[in-house]
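One structure is given here, and the rest of the page talks about it.
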Amino acid sequence: MADIERRLRRARYINELLPMDRRVFRDRTNPLETLSPMEIRERYRFFPETILFLVNMLNLERATKRSCPLPLLISTLAALHFLATGTHHIVTAGLHGISRSSVSRAVKQFTDSVCLHLNDFVFFPNIENVQRTVQKQFYNIAGAY
């Protein structure tokens with residue numbers, strides 16, 4: 001019995017010296033519900049409908065050993081914010097309530113997934129007449145440097 005009491009006293013002493021931090025679950029409200037469509041457009045360069053389309057199309061789920069993985073919407077919004085503004089990861093992380101490393105992983109995963117779907121949305125004409133027409137139209141828009 002004395003051995004158990006000694007072990008308990010030692011455990012209490014160690015707990016006093018090295019207090020363990022409690023797990024903190026951050027509030028990750030849905031910006032699509034709290035911001036107006038124009039604010040979303042300014043912040044992410046897309047309208048809410050397009051963002052939801054991207055979330056569903058890209059399927060950014062990944063296996064994780066954690067009990068609370070980053071929601072797909074938050075991951076997509078963090079990547080879009082970073083790509084739209086070019087800010088540092090710490091700014092995007094603070095805005096979305098996630099860590100800098102999570103922003104980095106979200107951006108990599110998002111860009112890799114977009115690259116897989118690139119041929120679905122970006123294509124170049126095969127016919128020579130159409131190519132010349134497109135080149136002229138682009139030249140009219142962009143001009144020559």
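A quick note: this is a predicted structure, and the numbers were derived from the prediction, not measured.
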Next on the checklist: Hydrophobic cluster membership, with links at side-chain heavy-atom distances under 4.5 Å among I/L/V/M/F/W/Y: are Leu54 and Phe121 in one?
Outcome noted: yes
Item to check | Pairwise side-chain hydrogen bond (donor to acceptor under 3.5 Å, both in side chains) hits with a residue in residues 42-55, at least two apart | outcome: Tyr44-His96
Distance check, rounded to the nearest 0.5 Å: [X] atom [atom1] versus [Y] atom [atom2]?
X: Thr133; Y: Glu128; atom1: OG1; atom2: CD; result: 10.5 Å
X: Ile40; Y: Phe47; atom1: CD1; atom2: CZ; result: 10.0 Å
X: Asn30; Y: Leu73; atom1: CG; atom2: CG; result: 5.0 Å

Heavy-atom neighbours of [X] [atom1] exceed 12 at 6.0 Å:
X: Ile90; atom1: CD1; value: no
X: Leu8; atom1: CG; value: yes
X: His88; atom1: NE2; value: no
X: Asn126; atom1: CG; value: no

Name every donor-acceptor pair, under 3.5 Å, that has one atom in a side chain of residues 102-114 and the other anywhere in the protein, sequence neighbours excluded.
{"residue": "Ser102", "atom": "OG", "partner": "Ser99", "partner atom": "OG", "Å": "2.9"}
{"residue": "Ser102", "atom": "OG", "partner": "Arg105", "partner atom": "NH2", "Å": "3.3"}
{"residue": "Lys108", "atom": "NZ", "partner": "Asp112", "partner atom": "OD2", "Å": "2.6"}
{"residue": "Gln109", "atom": "OE1", "partner": "Arg62", "partner atom": "NH1", "Å": "2.9"}
{"residue": "Gln109", "atom": "NE2", "partner": "Leu60", "partner atom": "O", "Å": "2.3"}
{"residue": "Thr111", "atom": "OG1", "partner": "Val107", "partner atom": "O", "Å": "2.9"}
{"residue": "Thr111", "atom": "OG1", "partner": "Lys108", "partner atom": "O", "Å": "3.1"}
{"residue": "Ser113", "atom": "OG", "partner": "Leu58", "partner atom": "O", "Å": "3.1"}

Item to check | Nearest non-hydrogen partners of Pro31 and Ile74, listed with the distance | outcome: CD-CD1, 4.1 Å
For residues 75-84, which side-chain N or O atoms pair as donor and acceptor with protein atoms under 3.5 Å away, sequence neighbours left out?
{"residue": "Thr76", "atom": "OG1", "partner": "Leu72", "partner atom": "O", "Å": "2.9"}
{"residue": "His81", "atom": "ND1", "partner": "Thr92", "partner atom": "OG1", "Å": "3.1"}

